[in-house]
Protein chains: 2
Amino acid sequence: MTLQDVARQAEVSLATASRVLNGTSQVRADLRERVLAAAAELAYTPNAHAQALAGASRQALGVICHDVSDPYFAAIARGVMRAAAEHGQLVMLASTNRDPAREVEYIAMLRAQRARAILLIGSGFEDRGWERSMAAELDPYQRAGGRVAVVSRHRSLKVDAVVPENREGAAALARALLDLGHRDFAVLTGPLSLTTVSDRLAGFRDALTEAGVSLGPERVIEAAFTRDGGHAAATELMRRGLRPTCVFAVTDVMAIGALTAFREGGLDVPHDISLAGFDDIPIVGDLTPPLTTVALPLDEMGERVTKLALREPRGHRSRVERITGEVVLRASTAPL
Amino acid sequence: MTLQDVARQAEVSLATASRVLNGTSQVRADLRERVLAAAAELAYTPNAHAQALAGASRQALGVICHDVSDPYFAAIARGVMRAAAEHGQLVMLASTNRDPAREVEYIAMLRAQRARAILLIGSGFEDRGWERSMAAELDPYQRAGGRVAVVSRHRSLKVDAVVPENREGAAALARALLDLGHRDFAVLTGPLSLTTVSDRLAGFRDALTEAGVSLGPERVIEAAFTRDGGHAAATELMRRGLRPTCVFAVTDVMAIGALTAFREGGLDVPHDISLAGFDDIPIVGDLTPPLTTVALPLDEMGERVTKLALREPRGHRSRVERITGEVVLRASTAPL
DNA sequence: CTGAAAGCGCTTACAG
DNA sequence: CTGAAAGCGCTTACAG
C-alpha cells in the first residue's frame, strides 16, 4: 500500500496524490476526490520514514527520564503527553534508571530517529565525565537542528530549561517549619551529586542557619533517591537513636518510604515526629496523615518544557523558566 | 553527516561502510578500522528513517495506554521499558484518556511510523463501534507484518494477550472477605462497559451468591475509573446512608480515593468499615492502613506482553497468557 | 494546476 | 571480500 498505488487507482500522478494528501497546494476538485477515495479504499497510511527522509517535518519527540513508574516523573509526563498531542507529536519514551551509559545510548537512538526534540526530565549529575559524554551526543544533534530542553538544573548543558526553584522552596519550607516551633531537624536525602538534592539540602540548611539553628552532619542521612531509600534513611535515623522533632525528606517519594518506616518503628506522625516532603505528587494528599510539602505544578512543568522545545529558538541564548514552589502545610507536621 | 561522508573519509565504498557499521558481513580488518575511525571522528549516527526505508528491521515499539500517570499503567510500563531495552527497542508512548478517537488516531500514527509492534495496555470497551474502528486500523497494520498484543481482555480483537484472571481474582477476594465474617458488602466500580470492571464485579458477585449473600443494585456504585471516581463513589455510598461492613473498590486507584473519602466522612478503616482493592499497585502498602487487595505482577505483565509482541507469531492463532491474582490480606480489612 | 524527475540516506542482491 | 547500482516511499523544485 504505497502512495504509488493510490495514485494509480486514482489515475493521477504521484505528485498530485502527494499534494492532495498533505494539502500543501491546490488541486482540482475532481482529482482531489478521486485521490481521497482511493486512499480510503486502500486504507492507505503514509510511510513516516519515507516522509521524514524526503524532508517532511519530524513528528516525534524524545523523552528521557529515570523511571517511568516514579510518580514525580509520571505527573510531569502527563503534561508532556498533553502538549505533544496538541502539536501532533508522538512521544518516544526511555527510562534509564539513572544509568549514564543508558542515557547516552538512548540519546543516540533518538538522534538516529531524527526526533524533532529531546526532553531530559530529572536532575543531572554534578559530574564532569557525565557532562562530557552527554554533550558529545547532544551537540551534533543540536547542530543538525535538533532541539533539547530539560526539567531541572543541568549545570553545564546550554539548553532551554524549566527549573524549579529548589533552593528557595526548601528554604521557605524550613521557615514554615521553624514558625511551627521546630528547632531540631533531620534531613533524608538522595545522592548529593544530584543537583536537585544538593540544591534542596542547601536551601533548607541556609534557612536554618539564618535562624540560628544548626544541622549537624549526623542529621543528614543519604540514601537511594527512591521510596525504599526514604524508608532506609528513616530507619537509619531511628537506629542512630536520633529523635528530631521534624524530618525533611527531599522528595515526596522518599517521604512516603519514611512515613511507613516511622509507622513500623512505632513513631506516630505527626504526634511523635513531624515529616515534610517536596514536589506534591498527587498521592500525598491521600496518605495518613496527608503530607506537608512544597508544591510544584508538575503537570504544567511537563507542558512548558514541551512547548519550549517545540517553539522556535530565539537566537542562541537558552531560555530558562523558573518555577516557584509553594509550601503546603498539611497534617504531617504539627506545631511544637 | 551521512554514511557517504564516512565512506569518503575512510576511502571505501558506501556498501563497505554500511557493512562495517551494521556488522552484517566480513570486512577486511584495515578497511574496517578506517571506517570505524571515520565514523567516530565525524560523530556519525545512521538515519533510522533511511535504514527503515531500505529494509532494515524496525527498532521502535508503540504503546497505547489511557493515562501515563496512572500507577497501574506506570507499573506495567516499567516492565515494558525493561523488556524493550533488552531488545534494543525504543518505546513510543501515547495516552488517550480513554478517548476512542484518540486511540484510533494514535494507532494510525504508529502505523505510519512502521512500529514493529503495538501494545494496548488496559481494558477495552464492550462496544461494537469501538471494536470496529480499532479493527479497521489494526487489520491493515497486522497484514503488513505489524504485531499487536494487549494487556487485559479485548473481546473481539484477535491478538496476543496477557490477561489477568479478573473474575477468579475477585471471586477469591470475596471468599476471603466472607471468611472474615463479612456478609454486608458494597462495590465501587468504574464504567461497566469496561471489560475489566464487569469481569471483576461479576466474579465478586458470583462468589457472594454462592455463599448465599446478595448484593443489591443500590450497593453497586458506578463512578469514574480513577482516584476521584473512587472518592465520589464512597461519598455517594455514605450519602445514601448505607453502612456495609466491607467495601470492594474494583481497582486500588479507586480504593485510594475511597479511603480518603471515608476518612473525611469520619469512618475509620477498618474499624468502622473494611476496604479492599485490586491490582496491588506499589503505593498501597504505604497507605494507612495498608490495603487488602488482589495482587497482580504488573511489572512482569508488562514484560510478558512485550515479549509476546516481539516473539515470532506461531501460525495464525493468538496466544493468551493468563495471570493469576493473589489475595493479599492487609490491615484495611478486619474480621467481623 | 499537474506531471516527470531528482533526491533524501540507507541496505542488499548482484557481479566481480 | 568489495563495489556499482537498484530500490525503499515519499516530497518538492522545475517545467509545462
Item checked: Under 4.0 Å protein heavy-atom contact, by nucleotide of nucleotides 8-16 of chain D - B base, S sugar-phosphate only -> BBBBBB---
Note to self: Assess, by modelled atom type and distance only, whether the side chains of B:R78 and A:S69 contain a donor and an acceptor separated by less than 3.5 Å.
What the structure shows: yes
Check: If the P atom of D:dC10 is compared with that of D:dC14, how far apart are they to the nearest Å?
Finding: 24 Å
Note to self: Any heavy-atom pair between the side chains of A:E321 and A:K307 that's under 4.5 Å?
What the structure shows: no
Checklist line | Close side-chain approach of B:L3 and B:S18, heavy atoms under 4.5 Å | finding: yes
Next item on the list: Sticking with atom P, work out how far C:dT2 lies from C:dA6, rounded to a whole angstrom.
Entry: 22 Å
Check: Which residues within residues 26-41 of chain B lie with some heavy atom under 4.0 Å of an atom in DNA chain C?
Finding: none
Next item on the list: Could you check A:E105 against A:R102 for salt bridge (charged side-chain N to carboxylate O under 4.0 Å, His left out), going step by step and ending with a plain yes or no?
Entry: CA-CA 5 Å; A:E105 180 191 342; A:R102 277 278 267 296; 5.1 Å; no
Item checked: Contact under 4.0 Å: B:T16 side-chain N or O vs D:dG3 OP1/OP2 -> yes
Check: With a 4.0 Å cut-off, would you call A:D299 and A:R82 a salt bridge?
Finding: yes
Notebook entry, point to check: For DNA chain D, what dot-bracket results from Watson-Crick or G-U pairs at under 3.5 Å, with [ ] for crossers and | for inter-strand partners?
Noted result: |||.||||||||.|||
Check: With a 4.5 Å limit on heavy-atom distance, are the side chains of B:I121 and B:V63 in contact?
Finding: yes
Check: Between A:R147 and A:D160, is the closest basic N to carboxylate O distance under 4.0 Å?
Finding: yes
Checklist line | Approximate separation, where rounding is to 0.5 Å, of B:F225 CZ and B:D67 CG | finding: 12.0 Å
